[in-house]
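Step one of this worksheet: look at the structure below.
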Number of protein chains: 2
Amino acid sequence: MELDERKMTILRAIIQNYLETGEPVGSRTISKYTDLNLSSATIRNEMSDLEEMGYIVQPHTSAGRIPSDKGYRLYVDMLMQDKQMEMDNLKLELNAKSEKLDNILKKAAKVIAVNTNYASMITAPRYRKHRIKFLQLTQVDTESLLAVIILEGNIVKNNLIHVNEELTQETLLKLNLMLNTFLQGLDLQEINASVMQKMRNESGGYSALISDILDVIATSLESEEVEAYTSGSTNIFKYPELNDSAKASTLLSALEEKKQLTELMYQEGDSERGIQVYIGDESPLEATKDCSVVTATYHIEEGVYGKIGIIGPRRMDYEKVVGTLKNLMSELDQIFKKDK
Amino acid sequence: MELDERKMTILRAIIQNYLETGEPVGSRTISKYTDLNLSSATIRNEMSDLEEMGYIVQPHTSAGRIPSDKGYRLYVDMLMQDKQMEMDNLKLELNAKSEKLDNILKKAAKVIAVNTNYASMITAPRYRKHRIKFLQLTQVDTESLLAVIILEGNIVKNNLIHVNEELTQETLLKLNLMLNTFLQGLDLQEINASVMQKMRNESGGYSALISDILDVIATSLESEEVEAYTSGSTNIFKYPELNDSAKASTLLSALEEKKQLTELMYQEGDSERGIQVYIGDESPLEATKDCSVVTATYHIEEGVYGKIGIIGPRRMDYEKVVGTLKNLMSELDQIFKKDK
DNA sequence: GTTAGCACTCAGACCATTTGAGTGCTAATA
DNA sequence: TATTAGCACTCAAATGGTCTGAGTGCTAAC
């Protein structure tokens, strides 16, 4: 059987109608809804064909039809190659000048959630390897040193180190110089035993302190799970099909935990560019089997990127979501470009 | 009428039973549950009295009784002055040495949520006024300066500032010296126009930069909303009485927003010490009218403290919750003491 | 190829009935 | 006088039957 023009129109009508109402849609509805001027009986025949081809399903005999994952997929694919969206204006109100990365991201997540009425999640950019760009120790008071570590991409980490004796200005300068000489441009793997040994040798009696500092660096680089922010997770209550306590609970847990979702977003073959759509069972994540997840990538610099995700019901308004995401992506790209 | 020994016992039995089951409890149950050896009829008489006194209510005629807010209140008050809890061992697994404040707090929130099966929230310590302890500018690369600001209580803030020209080492030293001389020990209110003017005068041509820096400081200090972490928010699905979508939704929104809850925790008359219990309508917060909220305070140093909160159903296991909180409070106090 | 008509299906609403847990009251008992 | 047994009563929730309406598939007519 062939998926001709008319079948397409009907399928599209079914999907759009279902997106609006959330109820299975019947033949009579479609016969009125479209401008094809076909009777419900004809529609029934076509629908029966569409069902056979797997694009729609009946939740039970004598109910209307709802789109299957395959049907959504077709619809989404059609959308994707379709005309460029007209952009509805969404702006991050940021005085970007002194705004920090995490604030920007939090706001972005919120903007998306509010605009789409779905749950959103955004991850901080993931650097392929965290190279040390710059290191600095400063005496804060008699008993503590502040270690500031700047990684490539201007991620700033800091940590207090407790010391017993006050260090002279001179010693600090020396230590700083040494640390930078040895460690600049390295990532965690490259700080191996031999580097560490050399540093200790040259430290002139401060080898204990050096160890402490290396410890701090190690935890800073290592524990770097990708940070993620969510927003609008309670939006899922707006969709009856997700709004039973078992489903809502697993979904919200996933959103709270973030970790799984992060993994999903950084999926293999994510192509680093463009927009990815997981419909229902297509998702490798158990918790989102009843949802659709749309992810997008924003870029900070070559090879450094983060992800935005939207989680909503299968009957998500894909058109709007994809539009909003594209929009926000370029917005973010802008901000980070200006930021340079 | 008087609340004699026997009535107390019965009330306690009703509450405890209701905590376990979540169902209204009837006279027959109590007559078997307690070791008073009274018939259900007698219990009925007593219950009728208790109802008249306002400690229990009937959800509808011919249902069992459930505790009223007043009843819970009595019960909680009894608990509070009761014997010291035996501590069940909960430990934060932390290698506290290099662990940062926010990590400790996140873990604490999690530990509580897991231990109690309620939702938990913890706020970072709130300083009455944020005084600047130490400031430092560092050149990171040709176009950016890193400004590190350490506030009293060792809260570290940092921000990148974009500059057009590279500064000499000497200029930086001078600027740093000046910044510290002028700003050390001040809080935001105290950085007024006259201080700013003086600084600009002495800056020797870097007044634009100084303005930028002051901007950064201002946002760092000002935007200091209390940070808060939540955990286990999905636990609320475990309690049928909260598990309808309207209630769950408002509650979860409150947990996601955090702001309202933070306000609740830093309530007027919070006495800075000890444990506070809000039962149902006692809470000034609309979103938690159907819940109970228990808050506790942990201390970092004189006058600097944060809050832990537990949110659960009215029929919360107050005994356990209060125990756990006391426990964790001392644990946290320990960690922060060691940390000094 | 399209349409009208008809029999059939099934979820959900509606209603009556039953069940069981719980109550209040009264009279008997210790 | 305090306690208890007994009984009539209430009401939520469960059960089960019936009806309704939206929807289908199939067939015959256009």
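Note that the structure is predicted; figures quoted are calculated from it, not measured. Protein chains get the first letters and strands the later ones, always in sequence-line order, with residue 1 at the start of each.
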Contacts of Tyr18(B) that satisfy ring-ring contact (aromatic ring centres under 6.0 Å, His included) - sequence neighbours left out: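 Tyr18(B) satisfies ring-ring contact (aromatic ring centres under 6.0 Å, His included) with no residue once adjacent residues are dropped.
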For Phe237(A), give me all partners under ring-ring contact (aromatic ring centres under 6.0 Å, His included), at least two apart in sequence or on another chain. none
What string of B, S and - do you get for nucleotides 22-30 of chain C 5' to 3' if you count protein non-hydrogen atoms under 4.0 Å? SBB------
Name all residues meeting the side chain to side chain contact (heavy atoms under 4.5 Å, CB included) criterion together with [X]; count only those two or more places apart in sequence or in a different chain, and write none if there are none.
{"X": "Glu282(B)", "answer": "Arg73(B), Ile279(B)"}
{"X": "Glu46(B)", "answer": "Arg6(B), Lys7(B), Ile10(B), Asp49(B)"}
{"X": "Ser253(B)", "answer": "Thr234(A), Ser249(B)"}
{"X": "Ser233(B)", "answer": "Glu256(A), Leu252(B), Leu255(B)"}

Strictly by salt bridge (Lys or Arg N to Asp or Glu O under 4.0 Å), give each pair with a member in residues 32-42 of chain B just once, sequence neighbours left out.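 Listed by first then second residue: nothing to list.
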Scan for salt bridge (Lys or Arg N to Asp or Glu O under 4.0 Å) pairs involving residues 235-254 of chain B, sequence neighbours excluded, and state none if there are none. Glu241(B)-Arg315(B)
Ignoring hydrogens and angles, write down the donor-acceptor pairs under 3.5 Å from the side chains of residues 51-62 of chain B, residues two or more places apart or on other chains.
residue, atom, partner, partner atom, Å
Glu51(B), OE1, Arg65(B), NE, 2.8
Glu51(B), OE1, Arg65(B), NH2, 2.9
Gln58(B), NE2, Ala63(B), O, 3.1

Which residues within residues 237-246 of chain A lie with some heavy atom under 4.0 Å of an atom in DNA chain C?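 Contacts with DNA chain C under 4.0 Å: none.
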Which of residues 14-22 of chain A sit near DNA chain C, with a heavy atom under 4.0 Å from it? none
